[in-house]
Amino acid sequence: MADMATKGIGFGILVLLTFLLQPAELGKYNALLTTITSLYGMSGLGVAMVLQRESARHKVSEEGKINEFVPAGLIAMAFSLLIILGLFGVFHQQLQAWVFTGMDVGLMRWVPPLTCLYFLVQSPITLMLGLGQYKLYAFRNLVEVAISGAGVLIGGYFWHLEGMLYGLCVSYLVNALIVWIILKRLFIKHQIQMIFRRLRRNAGEILKHGVPYFFGNTFIGAIGNIILVGLFSSHIGYEELGFLRIGLSLSAILMVVPNAAKTVTISFIARHGTDSARLRSIQIRYLFSSIILSTILLISAMSPLIRLMFGDAYSAGIEVYSMILLVQAFFSMQQILNSFMAGSGKLLFSGMVNTVVAILYIVLALVLIPGMGISGYYIAFGVSYLLGLVVFITWEMIGQEYDDKRAIVEFLGYSFVTMGMAFLIVMFGRHWWDNIVLSAIGLTYGVICILKTFNHDEKQWFKQLLSRKQIISQ
């Protein structure tokens, strides 16, 4: 419920922002936020994933190295962030010309301080997940979104776009204070101490496991996001970048349940290893089907919903929203399988696959967007992450033992056929009855899933997973 409330509040804030900003202004705000989160992501070094695994092991065994790993990991991330922000400062004029075309220089100056504050807010989060504090994690996210939203809306109402950045700065300070107070209490509860010894050795061990995963899963993607901002500003426009923000926010609402389950998965598989086949099977079938069905039904009702919530100024982006939802479905399904790899400790393989996917995404975007505009973005994003999804599915089906493997393969078959039909309708449909056909396809898919894929015992077990109580204690 907290996850749903968080996404709902975040989406409500976005709706209110559209009354304060035109699409192009929202696009510039989105460009700044993307830059901040990307710079933070580039500093991660895979530390977050290693710390989550170590904190999960600390909960079930006192042999974990979490006491020494936490300070070493956080110091490594902070040092990396300082280097990245230093480079940003040195090359800010080049970035202004190549990436942030048409962006006010005064807005660009907010990026380094806001990135530092964002680091203080986000860096301890994975420790909560590793220690099994899922409700606390969800509550903390709810508080963060509410505080950040209030700050941004108040600042935007009185001082427009730059005022939103003032509000964001104040909200990050408040959220950082809250999250570190929570973390201190967690450390006391779980008897974790910050031991500053063998920092170089421990940092080296963390980076040895984390960097391969980080390079493909985060670093290349963060670079790609910044390049994407440059391509949009130069060849597509900030207005479409504003539409992109709305499409991603709609997708985030649909992904509440899958993302909630994903946060449990990494820690669960890290503790139970080969005994997690049932969880994997259920997540593939239940989460994939929920992603596909909710995406198709939302697209079929997109036009009246956008006009009702955002007004006519944003109704021009309906095709953008629909395509983003479909492409994000591939990305979300890939991330579910990626969590299987992370929980199993296959960080190198995960990192290699995601490196190839991210590089392909960047190359296709650089080649296609200048000539094809927003359509080039759809192709670049969709093709690259569909490829990653197929690789992960193939690895999972070949490398893991499933009692119901045939049912999973059959399910994946009609799921991909359904997604293919949805893509064709969104790309080429120009008739008033297209949404009716799309709704019929989605409902038919849902019925097939109920009849052929799900059973009563799994429904009960899946409810336990979402409650995040009994499953974790087994």
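Source: prediction; values computed, not measured.
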> Roughly how far apart are I359 CD1 and I223 CD1, rounded to 0.5 Å?
Replying inline: 11.0 Å

>> Please report whether the ring centroid of Y321 lies less than 6.0 Å from that of Y314.
In response: no

> Do F416 and F330 touch side chain to side chain, with heavy atoms closer than 4.5 Å?
Replying inline: yes

>> Between F381 and Y361, does the ring pair (Phe, Tyr, Trp, His ring centres under 6.0 Å) criterion hold? Intermediate values first, please.
In response: CA-CA 6 Å; F381 194 8; Y361 171 38; 5.3 Å; yes

>> Checking F119 against F79 for the ring pair (Phe, Tyr, Trp, His ring centres under 6.0 Å) test, could you report, in this order, the C-alpha distance in whole Å, the side-chain angles of both residues, the deciding distance, and whether it holds?
In response: CA-CA 12 Å; F119 168 83; F79 185 71; over 10 Å; no

> Is the backbone of T35 close enough, under 3.5 Å, to the side chain of S38 for a donor and an acceptor to pair up by distance?
Replying inline: no

>> Between R140 and E144 (salt bridge meaning N to carboxylate O under 4.0 Å), is one present in this structure?
In response: yes

> Roughly how far apart are I450 CD1 and K452 NZ, rounded to 0.5 Å?
Replying inline: 14.0 Å

> Around M427, counting heavy atoms of other residues, nucleotides and ligands shown, do more than 12 lie under 6.0 Å from its CE?
Replying inline: no

> What is the distance from atom CZ of F100 to atom CG of L32, rounded to the nearest 0.5 Å?
Replying inline: 7.0 Å

> Hey, are N141 and T6 close enough side-chain-wise for a donor-acceptor pair under 3.5 Å?
Replying inline: no

> Are I284 and I393 close enough that some pair of their side-chain heavy atoms sits under 4.5 Å apart?
Replying inline: no

>> What's the separation between atom CG in L364 and atom CE in M372, rounded to the nearest 0.5 Å?
In response: 10.5 Å

>> Rounded to the nearest 0.5 Å, what separates atom CD in E239 from atom NZ in K28?
In response: 12.0 Å

>> Counting the benzene-type ring for Trp, do F411 and Y414 have ring centres under 6.0 Å apart?
In response: yes

> So, for F331 and Y385, is the gap between ring centers shorter than 6.0 Å?
Replying inline: yes

> Would you call L207 and V47 a side-chain contact if the rule is heavy atoms closer than 4.5 Å?
Replying inline: yes

> If we ignore angles and hydrogens, is there a donor and acceptor under 3.5 Å between the side chains of Y445 and S415?
Replying inline: yes

> Taking the six-membered ring for Trp, are Y40 and Y118 parallel (under 30°), tilted (30 to 60°) or perpendicular (over 60°)?
Replying inline: perpendicular

> Taking the side chain from N354 and the backbone from S350, do they hold a donor-acceptor pair closer than 3.5 Å?
Replying inline: yes

